[in-house]
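Reviewing the structure listed below.
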Amino acid sequence: MTKILLTGFEPFLDYKINPTMQIVETLHGTSMDGYEIVGRTLSVDFQQSAQQLKQYITEIQPAIILSLGLAGGRYKITPERIAINVKDGEPDNNGYTPVDESIAADGEDAYLTNLPIRRMVERLNKEGYPAEISNTAGTYLCNNIMYEGLVYAKQHTGILAGFIHIPASFELAIQHGKIPGWNMQDLLKGIKLCLEETIREANH
Ligand code: PCA
């Protein structure tokens, strides 16, 4: 069966739960319209996560690479438009804090996703879920993984790749205390709708 690599991240900074990890674990091994979802959780570590992603891609040979990340404080599901060749920001889980670094020394400045992000947002809104396209995935781990996924997609014709940031779950919002949250079932349904739109694009 054709495969989808669906990645999430482990907890990081003061987010003691990462709902993307829970989504990936729930959807792992399920199938959708003839595509098998292979879920993997990545480390919040600049060096390791890129290597993990590359290793999973080699192992799984996915037709679609969809990576998920938590954007604590956002209140909509936000498919990302662009990944930039920058690493900067808060320390990762191993304490590494890049300042104005490049992801790839001689890489492109940025890559645009080839996921159907406009249709994802339209579909989510139609089904009653707040969503909008985001024009920045930041400069932390999520941007880093989106960039790496897109490097692969640019080198391999026919591969769809991209990234979606999601809000906190209720559980995390309660535990954290200062960010909005969504019901976990709604987050899960939202990601399934995005996957459906992506599969439709892949079959086009
Ligand atoms: N969100 C972070 C990294 C891991 C995650 O889930 C980000 O937005 O970069």
Side-chain angles (χ1 to χ4, degrees), residues 5-28 39-56 65-104 110-111 113 115 117 120 130-151 161-182 184 186-188 190-191 194-195:
L5 172 59
L6 181 69
T7 73
F9 277 106
E10 63 182 4
F12 62 103
L13 296 173
D14 58 347
Y15 305 114
K16 306 289 177 230
I17 300 162
N18 196 327
T20 65
M21 190 171 153
Q22 292 162 297
I23 291 174
V24 159
E25 282 169 10
T26 305
L27 293 180
H28 173 70
R40 293 281 186 270
T41 297
L42 304 173
S43 305
V44 175
D45 175 303
F46 277 103
Q47 230 183 342
Q48 278 181 36
S49 60
Q51 275 161 16
Q52 287 164 349
L53 184 79
K54 286 176 196 162
Q55 182 196 321
Y56 295 144
I65 304 164
L66 178 62
S67 297
L68 306 176
L70 164 70
R74 281 194 195 167
Y75 45 87
K76 295 181 179 182
I77 291 186
T78 49
E80 297 289 347
R81 192 191 298 274
I82 189 166
I84 60 175
N85 191 5
V86 177
K87 284 194 275 190
D88 187 78
E90 301 287 310
D92 69 14
N93 283 357
N94 274 325
Y96 179 61
T97 314
V99 179
D100 300 338
E101 282 184 31
S102 299
I103 295 171
Y111 287 110
T113 188
L115 294 181
I117 54 173
M120 285 178 180
E132 69 183 358
I133 291 176
S134 162
N135 294 311
T136 176
T139 53
Y140 194 51
L141 266 297
C142 292
N143 173 72
N144 193 64
I145 277 308
M146 181 178 177
Y147 188 91
E148 297 288 3
L150 287 172
V151 166
F163 197 94
I164 302 176
H165 263 124
I166 65 166
S169 57
F170 281 157
E171 192 189 6
L172 173 59
I174 291 167
Q175 180 266 324
H176 185 278
K178 290 196 170 57
I179 52 174
W182 277 36
M184 194 64 205
D186 287 334
L187 288 174
L188 194 60
I191 295 308
C194 291
L195 281 166

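Just so you know, residue 1 is the first one in the sequence shown, and it goes up from there. Order of listing sets the numbers, starting from 1, for every ligand and every atom in it.
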*Is there side-chain contact between Q22 and L187, with at least one heavy-atom pair below 4.5 Å?*
no

*Just by modelled atom types, is the A137 backbone N or O under 3.5 Å from a matching donor or acceptor in the E80 side chain?*
yes

_Any nitrogen or oxygen of C142, side chain or backbone, less than 3.5 Å from one on ligand 1?_
yes

*Nearest protein heavy atom to atom 5 (C) of ligand 1, by residue and atom, and its distance?*
F12 CE2, 3.3 Å

*Sub-3.5 Å donor-acceptor pair from the side chain of D14 to the main-chain atoms of H176, do we have one?*
no

*Do any N or O atoms from the side chain of N85 and from the backbone of I103 form a donor-acceptor pair under 3.5 angstrom?*
yes

_Polar contacts were defined as any N/O atom of the residue lying under 3.5 Å from an N/O atom of the ligand; does this apply to L70 and ligand 1?_
yes

*Would you check the N or O atoms of T20, main chain and side chain alike, for any that come under 3.5 Å of an N or O of ligand 1?*
no

*Test item: S43 side-chain N/O and D45 main-chain N/O as donor-acceptor pair under 3.5 Å*: no

*Going by the order shown, which atoms of ligand 1 are within less than 4.0 Å of some heavy atom of Y140?*
2 (C), 3 (C), 7 (C), 9 (O)

*Side chain or backbone of N144 under 4.0 Å from ligand 1, or both, or neither, by non-hydrogen atoms?*
neither

*Keeping the roles fixed (side chain from Y140, backbone from P91), state whether a donor-acceptor pair exists under 3.5 Å.*
yes

*Report yes or no: does H165 have a heavy atom closer than 4.0 Å to ligand 1?*
yes

